[in-house]
Peer 1: 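Here it is, the structure, as structure tokens.
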Amino acid sequence: MTVVTEPRALPASPLDPRRTSRIEDFALIGDMQSAALVGRDGSVDWLCLPRFDSPAIFASLLGTEEHGFWRLGPAHASDTPPPTAARRRYRGDSLILESEWDTPRGTVRVIDFMPPRDGAPQLIRIVEGVSGRVPMRSALRMRFSYGRIVPWVHTHEGRTVAVAGPDSVWYDTEAETYGKSLTTYADFTVAPGDRIAFTISWQPSHKEPPPLPEPEASLEATEDFWLEWVEHCTYHGPYREAVIRSLITLKALTYAPTGGIVAAPTTSLPEDIGGVRNWDYRYTWLRDAAITLSSLLNTGYREEARAWRGWLLRAVAGDPEHLQIMYGIAGERELGEAELDWLPGFENSSPVRVGNAAAHQLQLDVYGEVAETLHLAGQLGLEQDPDTSRLLISLVTFLESHWDQPDEGIWEVRGPRRHFVHSKVMAWTAVDRAVRLLESGVAEGPLEHWRTLREAIHRDVCERGFDKERNTFTQSYGSKELDSALLLIPQVGFLPPDDKRVIGTIEAIQRELSTPDGFLLRYPTCGDHIGVDGLGGDEGAFLACSFWLVDALVLIGRAGEARQLFEKLLALRSDLGLLAEEWDSRLQRQVGNYPQAFSHVGVVMSALGLLAAGAASGGVRR
């Protein structure tokens, strides 16, 4: 056994001045338990193992190369930036990435994927010669604990293994490797038909080594998995390519062992480049997961809904009155927030945060989103479940005595609580869905009492949350600000789409919250001042809200305008069809955690709405 390095703490270092990657320059690969981001230069700059929320072993996304990366691509001079791929794509309807470089000496392809897990998690990279003879280099720099710890790297029975504390990563390749500057390199040349594989596998450090990888068999199995999964999709309308890619992305954000769904696989990608609006999204928000499940249910994916329902029952078990807005992917309740001061952040956007202190906020809208998804599941054929009915009854029982309280709202404000109109509307939704459940005879409860409660909430919102002079609902009781979440009022049935108050609200939001390029902000921010959310700084257009505007325009009969906006939103996607949380209209680039489930849900649901509108008018645009 030859010792190459020993573990030690790694000091912070300044941002690499050569970093030019935008958020949308990264590709997603994953195995439905974790995910990696791969740059155009062939560098894996983000990977957490063994779970989405585990500490990263490659964290250069939020720092520098000193914080861990794995670059595989054509060899280049050390004083020049690595070349970027001339082309890249996903192989068909899968999550297998193919990147191709054209060099003076020929063309080479790198195939990146993470096989659906059956044992140790793996990231596999296969280099394939296409033409000529291309010199290649693999540079693997593993840094555990979000780039802070240099592991002990040594060989064991011919295999390279990196160990630090409870974690070990095993590196297997037929290429000859060598160590230099705490990095493992491989230099080799590929000709047409050559295929050279590289694999890393994670294993608890106290266990036996993981089995030797079988890259080619794993590639075939991974492709078969995705193609078979996509075959279950029932959507065959316009924009199908965009819908399928969004559905694959949403599936990739599902934690297979439990059915939990992460909001995004990243933390601290900034909503404002250089700003402080940097949050950890590697958890299961009930709201995001519920809306994600709605899109999957509406496109034929019942198994995911069944798994999420089971996750929900386990997560809430024993304490439904204290429903959290988010949980860990296995249902964990404690998600304490901390700052990683050794990471400078993406383009110096600090702090870098892990955990999320918003977990224990009061957000009354969550009850409505959960109730609506459970209701939709029953409507779309998911078998009735007595435990689910009891959960819904318990949640509405809690709302009876809490719906009239101020809360932090859908956007998790870190300022004072308010009587947010959207929260009240969603409380109404929860009660309405419970009333429908009782009316169906599936469950028993105080039907007349809840009918009265439903009317009381409705009356309160219309009296206290509506600005008669401007003909619009407002963000909170007594406020003048608007909020794009109000676009959901007709979606949940609180008021019909042809109600003048609904039309007035949609038009006011479009007028007052639109960016110069026609996308929507969530609500007004205050730049250098502290705004309603308790934070300074600004943020980009929130893509989910812009998709909500598409849906709202369809509902009020402006389908042509809705279609134009939808196509503008699709044009914001990366070359691989991926969307972050927001769009910075000033910088003309994506911002926020990536890829974002909320944004991809918008693609699916808006496509469904436009399809319905096209069918109703007698024509469908392809």
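Heavy-atom basis, side chains included; hydrogens, waters and symmetry copies ignored. The shown structure was predicted, so the numbers you read here are calculated from the model rather than taken from an experiment.
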Peer 1: Sequence neighbours left out, what passes side-chain contact (heavy atoms from CB on, under 4.5 Å) with T452? Give chain and number order.
Peer 2: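 T452: no side-chain contact (heavy atoms from CB on, under 4.5 Å) contacts found.
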Peer 1: Is a side-chain donor-acceptor pair under 3.5 Å present for E561 with Q510?
Peer 2: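 On atom types as modelled, these side chains qualify, holding a pair under 3.5 Å.
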Peer 1: Could you pull out the closest heavy-atom pair between A552 and L487, with the gap in Å?
Peer 2: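 Where A552 meets L487 most closely, the heavy atoms are CB-CD2, 4.2 Å.
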Peer 1: Does any pair with a residue in residues 298-307 pass salt bridge (charged side-chain N to carboxylate O under 4.0 Å, His left out), and if so which ones, sequence neighbours excluded?
Peer 2: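 Applying salt bridge (charged side-chain N to carboxylate O under 4.0 Å, His left out) to every pair that reaches into residues 298-307, excluding sequence neighbours, yields K251-E304, E303-R306, R306-E383.
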Peer 1: For residues A562 and V550, report the shortest heavy-atom separation together with the two atoms involved.
Peer 2: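 A562 and V550 have their closest heavy atoms at CB-O, 3.5 Å.
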Peer 1: Which residue is it: S574, S599, P265? I am looking for the one with a side chain to side chain contact (heavy atoms under 4.5 Å, CB included) to Y594.
Peer 2: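 Testing each of S574, S599, P265 against Y594, the sole residue satisfying side chain to side chain contact (heavy atoms under 4.5 Å, CB included) is S574.
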Peer 1: Partners of A485 by side-chain contact (heavy atoms from CB on, under 4.5 Å), sequence neighbours excluded?
Peer 2: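 Checked A485 against side-chain contact (heavy atoms from CB on, under 4.5 Å); matches are I410, W411, H422, D483, W548.
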Peer 1: If every non-hydrogen atom of G237 is compared with every non-hydrogen atom of L611, which pair is closest and at what distance?
Peer 2: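 Smallest heavy-atom distance, with atoms named: CA-CD1, 4.0 Å.
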Peer 1: Please identify which of these residues, V262, T254, T266, meets the side chain to side chain contact (heavy atoms under 4.5 Å, CB included) condition with F52.
Peer 2: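 It is V262, the one option of V262, T254, T266 that forms the side chain to side chain contact (heavy atoms under 4.5 Å, CB included) with F52.
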Peer 1: Walk me through whether W450 and V396 qualify under side chain to side chain contact (heavy atoms under 4.5 Å, CB included).
Peer 2: CA-CA 9 Å; W450 282 354; V396 175; 3.7 Å; yes
Peer 1: Should the pair F542 and F598 be assigned to parallel (<30°), tilted (30 to 60°) or perpendicular (>60°) ring geometry?
Peer 2: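 It falls in the perpendicular class, over 60°.
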Peer 1: Residues in side chain to side chain donor-acceptor pair (under 3.5 Å) with R91, at least two apart?
Peer 2: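 Side chain to side chain donor-acceptor pair (under 3.5 Å) check on R91 returns E98, E223.
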Peer 1: Without hydrogens or angle criteria, can the side chains of Y235 and N298 be said to hold a donor-acceptor pair below 3.5 Å?
Peer 2: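 Per modelled atom types, Y235 and N298 side chains form no pair under 3.5 Å.
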Peer 1: Do H419 and Q405 meet the criterion of a side-chain donor-acceptor pair at a distance under 3.5 Å?
Peer 2: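 No, because no side-chain N or O of H419 sits under 3.5 Å from a partner of the opposite role on Q405.
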Peer 1: Sequence neighbours left out, what passes side-chain contact (heavy atoms from CB on, under 4.5 Å) with Q491? Give chain and number order.
Peer 2: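 Partners of Q491 under the side-chain contact (heavy atoms from CB on, under 4.5 Å) test: L488, D551, L555.
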Peer 1: Could you tell me which non-hydrogen atom of V554 sits nearest to which non-hydrogen atom of G609, and how far apart they are?
Peer 2: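 Nearest heavy atoms, V554 then G609: CG1-O, 3.8 Å.
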Peer 1: Quick one: list whatever passes side chain to side chain donor-acceptor pair (under 3.5 Å) with Y283, sequence neighbours left out.
Peer 2: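 With sequence neighbours excluded, Y283 shows a side chain to side chain donor-acceptor pair (under 3.5 Å) to D280, given in chain and number order.
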Peer 1: So do I393 and L438 actually touch side chain to side chain, heavy atoms under 4.5 Å?
Peer 2: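 A side-chain contact under 4.5 Å exists here.
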Peer 1: Mind jotting down which residue pairs meet the salt bridge (charged side-chain N to carboxylate O under 4.0 Å, His left out) criterion with at least one end in residues 234-243? Sequence neighbours excluded, please.
Peer 2: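 Sorted pair list: E241-R573.
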Peer 1: Side-chain contact, heavy-atom cut-off 4.5 Å: E334 with H360?
Peer 2: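 A side-chain contact exists here, since the closest heavy-atom pair is under 4.5 Å.
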Peer 1: Any pair with a residue in residues 423-434 that passes salt bridge (charged side-chain N to carboxylate O under 4.0 Å, His left out), sequence neighbours left out, goes on the list, sorted by first then second residue, please.
Peer 2: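 Qualifying pairs, neighbours excluded: E372-R433, D432-R436, D432-R454.
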Peer 1: Search all heavy atoms of Y301 against all heavy atoms of W229 and return the closest pair with its distance.
Peer 2: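 Closest heavy-atom pair between Y301 and W229: OH-O, 2.9 Å.
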Peer 1: Run the side chain to side chain donor-acceptor pair (under 3.5 Å) test against W308 and tell me which residues pass, sequence neighbours left out.
Peer 2: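 Side chain to side chain donor-acceptor pair (under 3.5 Å) list for W308, sorted by chain: empty.
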Peer 1: Determine yes or no for a side-chain-to-main-chain donor-acceptor pair under 3.5 angstrom, with T299 supplying the side chain and C233 the backbone.
Peer 2: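 No: the side chain of T299 does not pair with the backbone of C233.
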Peer 1: Report yes or no: is the cationic atom of R418 (NZ for Lys, CZ for Arg) under 6.0 Å from the centre of the six-membered ring of Y477, at an angle within 45° of the ring normal?
Peer 2: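 Not satisfied by the 6.0 Å and 45° rule.
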Peer 1: Which residue, P213, P210, P215, forms the side chain to side chain contact (heavy atoms under 4.5 Å, CB included) with Q122?
Peer 2: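 One option only clears the test, and that one is P213.
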Peer 1: Sequence neighbours left out, what passes ring pair (Phe, Tyr, Trp, His ring centres under 6.0 Å) with F473? Give chain and number order.
Peer 2: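 Counting only residues at least two positions away or on another chain, F473 forms a ring pair (Phe, Tyr, Trp, His ring centres under 6.0 Å) with F466.
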Peer 1: Please, which pairs that meet salt bridge (charged side-chain N to carboxylate O under 4.0 Å, His left out) have at least one residue in residues 401-411, sequence neighbours excluded?
Peer 2: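 Qualifying pairs, neighbours excluded: E408-R417.
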Peer 1: Looking at CE of M114 and OG1 of T199, how far apart are the two atoms once the value is rounded to the nearest 0.5 Å?
Peer 2: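 The CE atom of M114 sits 11.5 Å away from the OG1 atom of T199.
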Peer 1: The criterion is side-chain contact (heavy atoms from CB on, under 4.5 Å); which residues satisfy it with D387, sequence neighbours excluded?
Peer 2: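 Testing D387 for side-chain contact (heavy atoms from CB on, under 4.5 Å), a comparison that skips the adjacent residues, returns L313, D385, R390.
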Peer 1: P497 and I556: which non-hydrogen atoms are nearest, and at how many Å?
Peer 2: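 Where P497 meets I556 most closely, the heavy atoms are O-CG2, 3.5 Å.
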Peer 1: E412 and W279: side-chain donor and acceptor closer than 3.5 Å?
Peer 2: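 The criterion, which ignores hydrogens and geometry beyond distance, is not satisfied for W279 and E412.
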Peer 1: Is it the case that the side chains of Q596 and Y281 hold a donor-acceptor pair, with the cut-off being a distance below 3.5 Å and no angle test?
Peer 2: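 No, because no side-chain N or O of Y281 sits under 3.5 Å from a partner of the opposite role on Q596.
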Peer 1: Would F494 and H458 count as a side chain to side chain contact (heavy atoms under 4.5 Å, CB included) if you check the C-alpha gap in whole Å, the side-chain angles of each, and the deciding distance to 0.1 Å?
Peer 2: CA-CA 8 Å; F494 184 83; H458 197 281; 3.4 Å; yes
